[in-house]
Amino acid sequence: MFNYTAQPESNLEFVEIAPASELPNGGRLFVDVGEKPIVIFNIAGGFFAIGDICTHDEGPLGDGVIEDHHIICPRHGAEFDVRNGKAISMPAAVDIPAYPVQIRDGKIFIGMPKE
Ligand code: FES
């Protein structure tokens, strides 16, 4: 329900985050956009951004182990797809936000919903 990667770009505002060189392959970058904690991943050259709060118990999620395109919550093991925010396994039943990432002129931009 918070899969902003599926939204038309006209509903989004792209916010500049950092030079893409700060997020090499296999890396992760933690940022706050407005009030929202977000973690951005570079997985094999693909960039993915999700909300950094687990929907199970609101713990931080971004330090979890990545397997393929899934992240495993470090607290109780819920699993989410970083491409679309989908909750894949219990104890989380609610999706997390996923935001589109674009690289423009060597910089990372995230598409945030317009207020
Ligand atoms: S807080 Fe993430 S699984 Fe419990």
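For ligands, and for the atoms within them, numbers begin at 1 and follow the listed sequence. For this chain, numbers begin at 1 and follow the sequence in order. Nothing here was measured: the structure is a model prediction, and the numbers come from that model.
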Enquirer: Is it true that some N/O/S atom of Cys73, main chain or side chain, lies under 2.8 Å from atom 2 (Fe) of ligand 1?
Expert: yes
Enquirer: With heavy atoms of Ala78 as the reference, note each atom of ligand 1 found under 4.0 Å away.
Expert: 3 (S)
Enquirer: Can you spot which of Thr5, Ile40, Asp81, Ile71 makes a side chain to side chain contact (heavy atoms under 4.5 Å, CB included) with Ile50?
Expert: Ile71
Enquirer: Could you tell me the separation between the CD1 atom of Ile53 and the CD atom of Glu58, rounded to the nearest 0.5 Å?
Expert: 6.5 Å
Enquirer: Look up atom CD in Glu16 and atom CZ in Arg104, then write down how far apart they are to the nearest 0.5 Å.
Expert: 9.5 Å
Enquirer: About how many Å separate CZ of Arg83 and CG of Asp68, when rounded to the nearest 0.5 Å?
Expert: 6.0 Å
Enquirer: Quick one: does ligand 1 sit under 4.0 Å from the side chain of Cys54, the backbone, both or neither, non-hydrogen atoms only?
Expert: side chain
Enquirer: Considering only N, O or S atoms, which atom of His56 is nearest to atom 4 (Fe) of ligand 1?
Expert: ND1
Enquirer: Is the Tyr4 ring parallel, tilted or perpendicular to the Tyr99 ring (thresholds 30°, 60°)?
Expert: parallel
Enquirer: Name of the His76 N, O or S atom nearest atom 4 (Fe) of ligand 1?
Expert: ND1
